[in-house]
Number of protein chains: 2
Amino acid sequence: MPDAPVTLSHVAREAGVSLATASRAINGSATRSVREDLRERVLETARRLGYSPDPSAQAMARGRTTALGLVVHDIADPYFSTIAAGVADAAEREGLIVTLASTQHRPDRELAFVELARRQRSRAIILAGSRLVPGEEVGTAPAGHDAALRDSLTAFRDAGGGVATVGQALGDLPVVEIDNAGGASALARALHDAGYRRFGVLAGPARLRTAADRTAGFRDALAALGCAAGDDDVVPGEFTRDGGYNAMSALLDRAGGPPEVVFAVNDVMAVGAMAAVRDAGLSVPGDVAVAGFDDIHTLRDVSPRLTTVRIPLDEIGALATRLALGRTGDDVAPVRGEVVLRDSTPLR
Amino acid sequence: MPDAPVTLSHVAREAGVSLATASRAINGSATRSVREDLRERVLETARRLGYSPDPSAQAMARGRTTALGLVVHDIADPYFSTIAAGVADAAEREGLIVTLASTQHRPDRELAFVELARRQRSRAIILAGSRLVPGEEVGTAPAGHDAALRDSLTAFRDAGGGVATVGQALGDLPVVEIDNAGGASALARALHDAGYRRFGVLAGPARLRTAADRTAGFRDALAALGCAAGDDDVVPGEFTRDGGYNAMSALLDRAGGPPEVVFAVNDVMAVGAMAAVRDAGLSVPGDVAVAGFDDIHTLRDVSPRLTTVRIPLDEIGALATRLALGRTGDDVAPVRGEVVLRDSTPLR
DNA sequence: CTGTTAGCGCCTTCAC
DNA sequence: GTGAAGGCGCTAACAG
C-alpha cells in the first residue's frame, strides 16, 4: 500500500467528470446539485481509490478550517480530562478535529495558544479552566492577562469563529457558567444540617477565580448560619493532591486542634487531605470529616466515600462544544452543582 | 481590533520587497538567504502589521503540517490523560500542535483517525492504547483491524511521517514497549513472598493485549511458584471501575470463598474492586487483599493505599514523542514496571 | 541576493 | 446540470 496521495482530480479523471463536479458530488455544494448517476459514480470511484480530502486544502479554499481548539490548564487533571472527553466526543460528532493545548497552568501559554488557533483559522476555541482573580495577577500571570485573552477571543469571534469558556464568564463571550459559589454554599448548609459547627477550608490558589468562588461561597453560607470559619481555618494551597496534603497538614499543626470538618475546594485536594489526616495518625471521618468538590469519577470510590458537590463534567464538554458552535440559542449555559453526602461526612 | 487577515503579500508590498523575499526573511529559507537590512525591514513591517502565517497555506505549500496526532482509547481515563500530558508538553517544546482523538475504545475510530492524520499530512502520529489479541478480534473489532492499522501507519511512515506506538509493538513500527507481563510476574512473586498463596485475577477484557499480557505474566509466575490460579479464579471484565466492581463481585459470589489476594490488571479496576469488597460487607485487606497496575497518580491515596506496579506514565508521553520524531537512536524504548507494595497487601 | 513564476488541492463564481 | 478558470496564502524551483 504505497502512498500516492490520491487527489480530487484523480477521482474526477477516473470517474470521467470535471473537477468541479467531483467536488460537488463529494461534499454537496450548497448552490449546485449533481445528477444522481454521476454522483453515484464519483462517490464510488472515490471509495475505490481511497480518496479523502486534504483538510489543509479545504481550509485554504474555504477560508476556515475544521479544527476545534481546546485549551486546558492540565490535561492530566481528571477535571480537565473529563471535560476533554466530552469535547472530543461532541467534536467528532460534528466532524471537527480537536487540537489540544495543556498549558500547565501558565497563563502566557493560554494566550499563545489562542493566538495560534486564531491564525490557524480554527472553527472554534474552547477555553476551560479558571480565570484569574482581578488584582491577583502576579508572577506567572502578567497583569491584564485575562483582558488580553478576552480581546483576542472577541476578535476571533467577530471574525466568525466560535468561542466558549468553561467555568466563569470572560467578557460577554459564551460561557458554561459553573455555579461554584452556589454549590459551595449548599455544601456548607448541608454540612451544618448534618451537625457540623467547626469548619476548615483548604482554599486552593487565591489567584484562581474557581478556588476563590468556592471558598467565598462556603464561607458566606457559614457566616449566614452564624458559625463563620475564622481566617486561621482557611488555608491556601495548590489545586493538587499535594496542595491538599500540605494545606491539611498545616491545619492539623495549628494550635487548638483540627476543625470538625474540612472543605477542600476540589476532590483531588480532598484526597490529598485525607492522606494527610491518616499520616498524622488520625482518621477520616472519626477525627476530621472531609468534603470535596467536583465529584471526579475515578475518585468516587475512595474510602471513606467522599462527600462532594457533583458537577456534570462529562456533559460540560459537550455543552461547551455546542455553545461554541452556536448550536444553542443562548450564550450562557448555567450549570449547578449538586451536593452529594457520603461517608466522609457522617451525621454528627 | 478588526480581523482583516494580513497576508504575506501585504507585508511584502508594504516593505517594498517581493513575496519571495518576504517569505525567506520571515521563515529563513534553507537555501537562500536575505540581506540583513531587508530582512530587518520585512520583519519590522510584519510585526507592525500583526502578520502571522496561515498554517494551512504553509502546510499545502510545503506538503507537511506541523501537527502531531495523538490517538487514545479514552482521554478521561487517567492512564491516557497522563500520557497525553507528556505528549502535549513535549510537542509544545517541538513547536508542534497536538490533535487529539479519543476513540472510546472503538477500533474503527482508531483507524479512521490515523487515516485522517495521514491525509492531513501530520508530522507524526502517536498511537497509545492496547493492541488486540490475535484471534479475538470480534464485535467492534473487525478482523484484521490491527493489520490495517499497521499497514496504514507503515505507509504513513514510508511517506516520511513519524510514528510511535505505546504499549506493545505493531509491526516493526517504533514503540514504547511496556513490560506488562514482566511487571505482573514481579508482582506475583512479591505477593507470594509476602505470604499469599490463594490468588484471584480480575483479568480485564480478553481481547486487549495489555490485559492479556498482565494476566498471563501474573499466572505464569504463579505457576512457576507452584500455586497457580485456577480458571475459576480469573474473571474477565471491562477495563474500568465498573468492570473491576463487577468482576470482584462475581469472584466473591463464587462458592468456596474469596481468594486471599486479588490482582486487578489496572488501578482503576482495583479501586472498583475495593468498592465491591466493601459493598459485600467485607474489608480490604482484612478479608481480601487487592493489588493493581499502573500506579495512577490520583489513585495513590485511596485507602488502604494500593499495591501496584508503577509505570512511568508521565515520561512515556515524552518518550513516545521523541521516538515518533526520530529524536532517539533506537526504534524501541523499553519501559519496565516497578512493584510498589503498599497497605492493600500487607505481609501475611 | 532578489524577483518571477508555478503550483500545492480544493472550492466557487462564471459561462455554457 | 456541467465544465473551465481563477484564486485561497504560501513555498520552491527557476531565472536574473
Side-chain angles (χ1 to χ4, degrees), chain A residues 3-43 46 49-67 95 116 118-123 159-160, chain B residues 3-43 46 49-67 116 118-122 159-160:
Chain A
D3 200 25
V6 32
T7 73
L8 226 207
S9 49
H10 292 156
V11 176
R13 191 176 326 130
E14 190 81 8
V17 299
S18 75
L19 231 173
T21 301
S23 172
R24 296 196 268 252
I26 286 180
N27 57 86
S29 156
T31 50
R32 300 282 176 243
S33 79
V34 174
R35 214 176 45 206
E36 190 52 26
D37 58 324
L38 277 193
R39 226 171 53 83
E40 204 79 350
R41 181 138 51 94
V42 171
L43 260 32
L49 267 46
Y51 166 79
S52 63
D54 177 335
S56 297
Q58 291 191 133
M60 211 164 64
R62 301 208 254 243
R64 59 159 35 179
T65 61
T66 179
L116 177 62
R118 277 181 67 190
R119 63 182 186 245
Q120 198 183 17
R121 281 132 185 82
S122 293
R123 185 77 187 291
Chain B
D3 201 22
V6 30
T7 74
L8 226 208
S9 49
H10 291 157
V11 176
R13 192 175 328 129
E14 190 80 7
V17 300
S18 77
L19 230 178
T21 302
S23 173
R24 295 195 269 252
I26 287 179
N27 273 285
S29 155
T31 49
R32 301 283 176 244
S33 78
V34 175
R35 212 175 46 207
E36 190 52 24
D37 59 324
L38 276 193
R39 227 170 53 82
E40 202 80 349
R41 181 137 52 96
V42 171
L43 259 34
L49 267 46
Y51 167 80
S52 64
D54 177 336
S56 296
Q58 293 190 131
M60 210 161 69
R62 300 208 254 243
R64 59 157 33 178
T65 62
T66 178
L116 177 62
R118 277 182 66 191
R119 64 189 185 239
Q120 196 183 18
R121 281 136 185 76
S122 292

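Quick caveat: nothing in here was measured; it's all calculated off a predicted structure. Every chain is numbered from 1, with letters handed out A, B, ... down the list of sequences.
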Report the distance from atom [atom1] of [X] to atom [atom2] of [N], rounded to the nearest whole Å.
X: D54(A); N: dC11(C); atom1: CG; atom2: C1'; answer: 13 Å
X: Q58(B); N: dG9(D); atom1: CD; atom2: C1'; answer: 9 Å
X: R121(B); N: dC10(D); atom1: CZ; atom2: C1'; answer: 16 Å
X: L8(B); N: dC10(D); atom1: CG; atom2: P; answer: 5 Å
X: I26(A); N: dC11(C); atom1: CD1; atom2: P; answer: 8 Å
X: R13(B); N: dT2(C); atom1: CZ; atom2: P; answer: 20 Å
X: H10(B); N: dC10(D); atom1: NE2; atom2: C1'; answer: 14 Å
X: R39(B); N: dT2(C); atom1: CZ; atom2: P; answer: 11 Å

Could you please name the option among [options] that lies closest to any side-chain atom of [X]?
X: S23(A); options: dG9(D), dC11(C), dT2(D); value: dC11(C)
X: A61(A); options: dC8(D), dT4(C), dG1(D); value: dC8(D)
X: A20(B); options: dC10(C), dG9(D), dT4(C); value: dT4(C)
X: Y51(B); options: dT2(D), dC10(D), dT4(C); value: dC10(D)
X: S18(A); options: dT4(C), dC10(C), dG3(D); value: dG3(D)
X: R24(A); options: dC10(D), dT2(C), dT12(C); value: dT12(C)
X: R62(B); options: dT11(D), dG3(D), dG1(D); value: dT11(D)

Whether the side chain of R121(A) engages the backbone of R119(A) through a donor-acceptor N/O pair (distance < 3.5 Å, no angle test) should be reported.
yes
Is there a donor-acceptor contact under 3.5 Å from the side chain of T66(B) to the main chain of P55(B)?
no
Does a side-chain N or O of N27(A) approach OP1 or OP2 of dC11(C) to a distance below 4.0 Å, or not?
yes
When you check the phosphate oxygens OP1 and OP2 of dG3(D), does a side-chain N or O of T21(A) lie under 4.0 Å from one of them?
yes
Indicate, with a heavy-atom threshold strictly under 4.0 Å, whether L19(B) touches base, sugar-phosphate, or nothing.
base
Give me the atom names and distance for the closest heavy-atom approach of V17(B) to V42(B).
CG2-CG2, 3.8 Å
List the atom of R123(A), the atom of T65(A), and the distance in Å for their closest heavy-atom pair.
N-OG1, 3.6 Å
Close side-chain approach of R62(B) and N27(B), heavy atoms under 4.5 Å:
yes
Tell me which of S52(A) and E36(B) sits closer to the 5' end of DNA chain C, going by the nucleotide each one is nearest to.
E36(B)
G16(B) or M60(B), whichever maps to the more 5' nucleotide of DNA chain C
G16(B)
